[in-house]
Trainee: 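Below you will find the structure I want to go over with you.
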2 protein chains.
Amino acid sequence: MAVDTLETRELRYFVAVAEELHFGRAAERLGMAQPPLSRAIQQLERRIGVSLLERNRRGVSLTDAGDVLLHEGRAALDATAAAARRTRRAGGADSSGGPRNRLVLAVKAAASHELLQKLLDAYAAEPDAAEIEVLPSGMCEQAELLRDGRADVALMHTPFNSLAGFDSEELMTEGRIAILPAGHPLAAHKTLSMADVGDIPGLPIARWPSHGTYPPGQGPEIHDQTQLAQLIALGRTVAVFPDSARAWLWAEHAAVPLADASPIVTHIAWPAHSRSLALAGLIRTATQL
Amino acid sequence: MAVDTLETRELRYFVAVAEELHFGRAAERLGMAQPPLSRAIQQLERRIGVSLLERNRRGVSLTDAGDVLLHEGRAALDATAAAARRTRRAGGADSSGGPRNRLVLAVKAAASHELLQKLLDAYAAEPDAAEIEVLPSGMCEQAELLRDGRADVALMHTPFNSLAGFDSEELMTEGRIAILPAGHPLAAHKTLSMADVGDIPGLPIARWPSHGTYPPGQGPEIHDQTQLAQLIALGRTVAVFPDSARAWLWAEHAAVPLADASPIVTHIAWPAHSRSLALAGLIRTATQL
DNA sequence: CCCTGTCATACCCGGTAGGTATCACTGGGG
DNA sequence: CCCCAGTGATACCTACCGGGTATGACAGGG
């Protein structure tokens with residue numbers, strides 16, 4: 001093999017070891033025995049002429065070069081997986097009928113309902129519309145879905161998602177609101193500031209494991225939006241949401257605009273090198289909404 | 001091998017065939033015989049379950065899926081090559097002394113002299129400055145250099161370069177000037193329009209093979225900037241350049257601002273997933289110029 | 001009709017990826 | 001103090017498969 005070419009298999013092996021920092025566990029994860037994995041990593045280090053792992057007594061740690069290869073290798077593996085997935089999607093469906101174009105659109109579950117609905121309706125009305133598969137995703141994994149090819153295009157929301165590495169178009173900007181119990185004194189205000197909501201006596205901000213706002217504070221722990229809505233209705237917590245959250249407010253809720261919260265901008269984003277006509281049509285539709 | 005994993009070797013093979021559209025030539029380019037290449041492509045098609053090539057009588061053409069794999073595969077191969085190169089750069093230099101950080105900066109040859117000089121000087125004065133290797137590149141290949149890891153960061157110029165897929169920061173905006181023979185009547189004008197320079201009797205725009213402006217027109221053919229400068233001095237042609245080209249004008253040249261030309265914006269751009277401290281320092285220096 | 005150029009098939013060989021058994025080393029506990 | 005548990009490395013073998021050569025099938029053109 002050419003000395004300057006990394007095989008996908010080698011990258012998979014190295015990333016597994018670098019993530020586990022343990023040859024045995026990495027081998028198990030890869031479904032193979034430990035000795036061939038050790039040997040493969042040694043060969044890899046010899047081939048690229050750089051030592052990647054520090055074999056200390058009792059464990060393994062990454063060298064600087066190893067850290068670089070971990071990050072770059074993940075990106076390369078994502079790109080390879082994306083090539084396989086998108087190719088399969090482009091051709092595999094052909095057997096089930098015409099030149100079926102299908103686009104996978106990743107959206108943050110339960111966000112941008114109205115916008116998404118308008119987009120899907122408008123696009124479906126286009127003459128040569130492709131089939132759109134909506135892929136609900138967790139909070140911040142849209143980028144990952146785009147990178148590894150499970151999705152072709154995504155709705156992303158700054159400042160929560162980073163648009164780094166993708167092409168994107170801005171679709172919508174909205175402010176944020178504080179959602180309070182309907183009877184709360186602050187609910188009478190015309191606007192509030194972030195500082196106000198962060199420090200309401202008796203109303204600690206809820207902690208939502210997958211939402212960053214977890215470690216600090218002593219607020220109640222929640223796991224989905226319904227729990228949160230209920231806790232607010234019971235007068236136990238406050239929450240900050242985008243304007244569009246007004247759509248699902250309860251009678252027991254009150255919404256007050258936040259004057260100093262950074263606005264939430266919704267973008268449609270896609271891999272920079274995409275050349276699909278169906279995608280171009282969807283983007284055109286989206287920007288003309 | 002897992003059925004859903006593409007090996008680098010398979011991608012290399014397929015991309016070669018897809019580019020040549022000829023098994024024999026592709027095999028020659030890959031330094032191998034034709035039969036194993038045919039077999040490898042067949043196995044690839046079976047593995048991903050999609051037909052990639054249309055074997056017509058007298059030649060080969062790409063299916064839709066094949067076209068997708070050609071583009072996605074190129075990106076994946078670039079990412080893989082980048083992983084190898086950057087890893088080698090991160091670790092290979094360690095043997096020749098301390099924790100030597102080296103950054104490769106791609107710049108369009110002979111552009112942005114002053115800006116580049118200021119940037120290098122300012123960065124060198126930083127306390128923990130890494131070594132910067134300046135990689136002169138052709139007109140539009142900075143993106144390619146960043147993608148395949150030959151460079152870590154680049155100076156790019158919109159609208160010539162596309163920033164798609166990279167992170168970037170704006171550094172400088174400049175207008176454009178028409179460079180005329182000193183004695184020419186139009187040289188007396190305060191400003192000109194693009195239409196003016198495109199159609200000057202007796203002064204056809206020069207044709208520069210690597211600059212897009214090649215096919216049409218009957219202007220003289222040139223191959224580098226010095227030839228162009230000389231032809232202008234001789235009163236044979238006109239050229240449009242960014243403001244900063246004033247730095248190298250001859251006495252026989254006259255520069256007139258163009259009122260309606262889109263401005264040229266210089267950016268510093270880097271791969272979106274970069275995490276290098278040295279790169280962060282360079283970017284910080286650049287944005288504070 | 002043969003000849004040429006194309007990709008596919010048939011068959012063989014060597015390298016190497018992967019498995020099993022074992023070693024070398026270190027640190028902790030009885 | 002020594003033994004044991006747990007780590008990664010080494011030794012050795014096997015089987016698969018990637019690659020080579022020779023040849024076939026098929027279509028077009030002179």
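Reminder, nothing fancy here: chain letters follow the sequence lines and each chain counts from 1.
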Trainee: Send over the distance from B:Arg39 CZ to C:dC12 P, rounded to a whole Å.
Mentor: 14 Å
Trainee: It should be established whether B:Arg9 places a side-chain nitrogen or oxygen under 4.0 Å from OP1 or OP2 of nucleotide D:dG19.
Mentor: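 Answer is yes, contact under 4.0 Å.
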Trainee: Give the rounded distance in Å between these two atoms: CE of A:Met32 and P of C:dT20.
Mentor: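 Result: 11 Å.
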Trainee: Rounding to an integer number of Å, can you tell me how far A:Asn56 CG sits from C:dT26 C1'?
Mentor: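 Interatomic distance, CG of A:Asn56 to C1' of C:dT26: 12 Å.
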Trainee: Rounded to the nearest Å, what distance is computed from the CD atom of residue A:Glu10 to the C1' atom of nucleotide C:dT16?
Mentor: 12 Å
Trainee: D:dG8 C1' sits how many Å from A:Arg25 CZ, rounded?
Mentor: 13 Å
Trainee: C:dA8 phosphate, OP1 or OP2: any side-chain N/O from B:Ser38 under 4.0 angstrom?
Mentor: yes
Trainee: Please check: side-chain N/O of B:Gln43 versus main-chain N/O of B:Glu10, any donor-acceptor pairing under 3.5 Å?
Mentor: no
Trainee: With respect to the phosphate group of C:dT20, does any side-chain polar atom (N or O) of A:Gln34 fall under 4.0 Å of OP1 or OP2?
Mentor: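 No, no such contact exists.
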Trainee: Can you tell me the distance, in whole Å, between the CG atom of A:Leu53 and the C1' atom of D:dA9?
Mentor: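 Distance check: A:Leu53 CG to D:dA9 C1' gives 14 Å.
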Trainee: Start at the 5' end of DNA chain C and walk down; is the nucleotide closest to B:His22 or to B:Pro36 reached first?
Mentor: B:His22
Trainee: Could you state the CD-P distance from B:Glu28 to D:dG20, rounded to the nearest angstrom?
Mentor: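 Distance, rounded to whole Å: 13 Å.
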Trainee: Can you tell me how far C1' of C:dA10 sits from CD of B:Gln42, to the nearest Å?
Mentor: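 Computing the B:Gln42:CD to C:dA10:C1' distance gives 13 Å.
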Trainee: In Å and rounded to the nearest 0.5 Å, what is the CZ to CZ distance from A:Arg39 to A:Arg46?
Mentor: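 Those atoms lie 10.0 Å apart.
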Trainee: Under a 4.0 Å threshold between the charged nitrogen and the carboxylate oxygen, would A:Arg74 count as salt-bridged to A:Glu144?
Mentor: no
Trainee: Please determine whether a side-chain nitrogen of the Lys or Arg among A:Arg275 and B:Asp67 lies less than 4.0 Å from a carboxylate oxygen of the Asp or Glu.
Mentor: no
